[in-house]
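To start, the structure itself, in structure tokens.
This chain uses plain numbering: 1 for the first residue, then up along the sequence.
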Amino acid sequence: MLIGSFTHTLDAKGRVFVPAKWRDDVGDVLIVTLGLLGDKNASCLFGMSVSEWELFSERLAALPVTDVAGQAVRRRLYAMAAACETDKQGRILIPAQLRETAGLTREATLIGVGNRIEFWDPEQLCRHNEAADAGFTDALQHLQQLGI
């Protein structure tokens, strides 16, 4: 299970360190793509093990072709996805297009969210958390409605 958060510096090539305690869960290859936030003012990346990506991909593949919005999201996620191999130092190279999309320049905060890693620009994460905190009570009520 991927839990906790870590902030690491991106090196000149765009590589970031994946914490050792997570590498057993994610394996040697991490599929990295756009984060699904539903917030036009924030962006992050999602990273999943190959097996988690396959489960996620099966759910996306089940969307009807006539679901125009769903197919648009699916198309964008696949177009931006990259298989990032872990090197001997435990780093992955995040492709430039993904780094640019998420605003990752000097540092990345990695957050374990159960079955995935989120990669955030630390300042953007702070702003996103502030906005999310304002609606936290509503979010809790939503979870209660879902039976969680």
Partner set under ring pair (Phe, Tyr, Trp, His ring centres under 6.0 Å) for W53, not counting sequence neighbours
F56, Y78

Pair S5, T109 - check side chain to side chain donor-acceptor pair (under 3.5 Å), show working.
CA-CA 7 Å; S5 65; T109 298; over 6 Å; no

Mind checking whether L60 and L36 sit in one hydrophobic cluster, side chains of I, L, V, M, F, W, Y counted as touching below 4.5 Å?
yes

Are more than 12 heavy atoms from other residues, nucleotides or ligands located less than 6.0 Å from atom CD of Q71?
yes

Start with the C-alpha distance between W120 and C44, add both sets of side-chain angles, then the distance that settles side-chain contact (heavy atoms from CB on, under 4.5 Å), and finish with yes or no.
CA-CA 5 Å; W120 286 87; C44 72; 3.4 Å; yes

Which distance, rounded to the nearest 0.5 Å, do you find between the OG1 of T7 and the CD of E107?
6.5 Å

Apply side-chain contact (heavy atoms from CB on, under 4.5 Å) to the pair T86 and L30, showing each step before the final yes or no.
CA-CA 8 Å; T86 306; L30 192 64; 5.6 Å; no

Could you state the interatomic distance from CD (Q97) to CE (M80), rounded to the nearest 0.5 Å?
4.0 Å

Mind checking who shares a hydrophobic cluster with M1, ILVMFWY linked at side-chain heavy-atom distances under 4.5 Å?
I3

Before you tell me yes or no, could you show the steps for N115 and L2 under side-chain contact (heavy atoms from CB on, under 4.5 Å), namely the whole-Å CA-CA distance, both residues' side-chain angles and the distance that decides it to 0.1 Å?
CA-CA 6 Å; N115 63 348; L2 302 166; 5.9 Å; no

OG1 of T105 to CD of E100, rounded to nearest 0.5 Å, is 11.0 Å

Once rounded to the nearest 0.5 Å, what's the spacing between atom CG of L45 and atom CD1 of I31?
13.0 Å

Going through the distances and angles, do L93 and R99 end up as a side-chain contact (heavy atoms from CB on, under 4.5 Å)?
CA-CA 10 Å; L93 172 63; R99 289 193 316 268; 4.2 Å; yes

Quick check: are there more than 12 heavy atoms from other residues, nucleotides or ligands sitting under 6.0 Å from CD of E85?
no

So, taking the atom named CZ in F119 and the one named OG in S43, what distance separates them when rounded to the nearest 0.5 Å?
13.5 Å

Spell out, as yes or no, whether a donor-acceptor pair under 3.5 Å connects the side chain of T33 to the backbone of L77.
yes

To check you understand the geometry: which heavy-atom pair defines the closest contact between L63 and G70, and what is its length?
CD1-O, 3.7 Å

Nearest heavy-atom approach of V16 to A108 is CG2-CB, 4.2 Å

Which heavy atom of A83 sits nearest a heavy atom of V29, and at what distance?
CB-CG1, 3.9 Å

Rounded to the nearest 0.5 Å, the CD atom of E123 sits from the CZ atom of R106 at a distance of 7.5 Å

Under 3.5 Å, side chain of E118 to main-chain N/O of V113, donor-acceptor pair present?
no

Shortest non-hydrogen separation from L34 to R76 and the atoms involved:
CD1-CG, 3.4 Å

For residues 12-36, which residue pairs pass the salt bridge (charged side-chain N to carboxylate O under 4.0 Å, His left out) check, not counting sequence neighbours?
D11-R15

With a cut-off of under 6.0 Å to the ring centre and 45° to the axis, is R91 in cation-pi contact with F17?
no

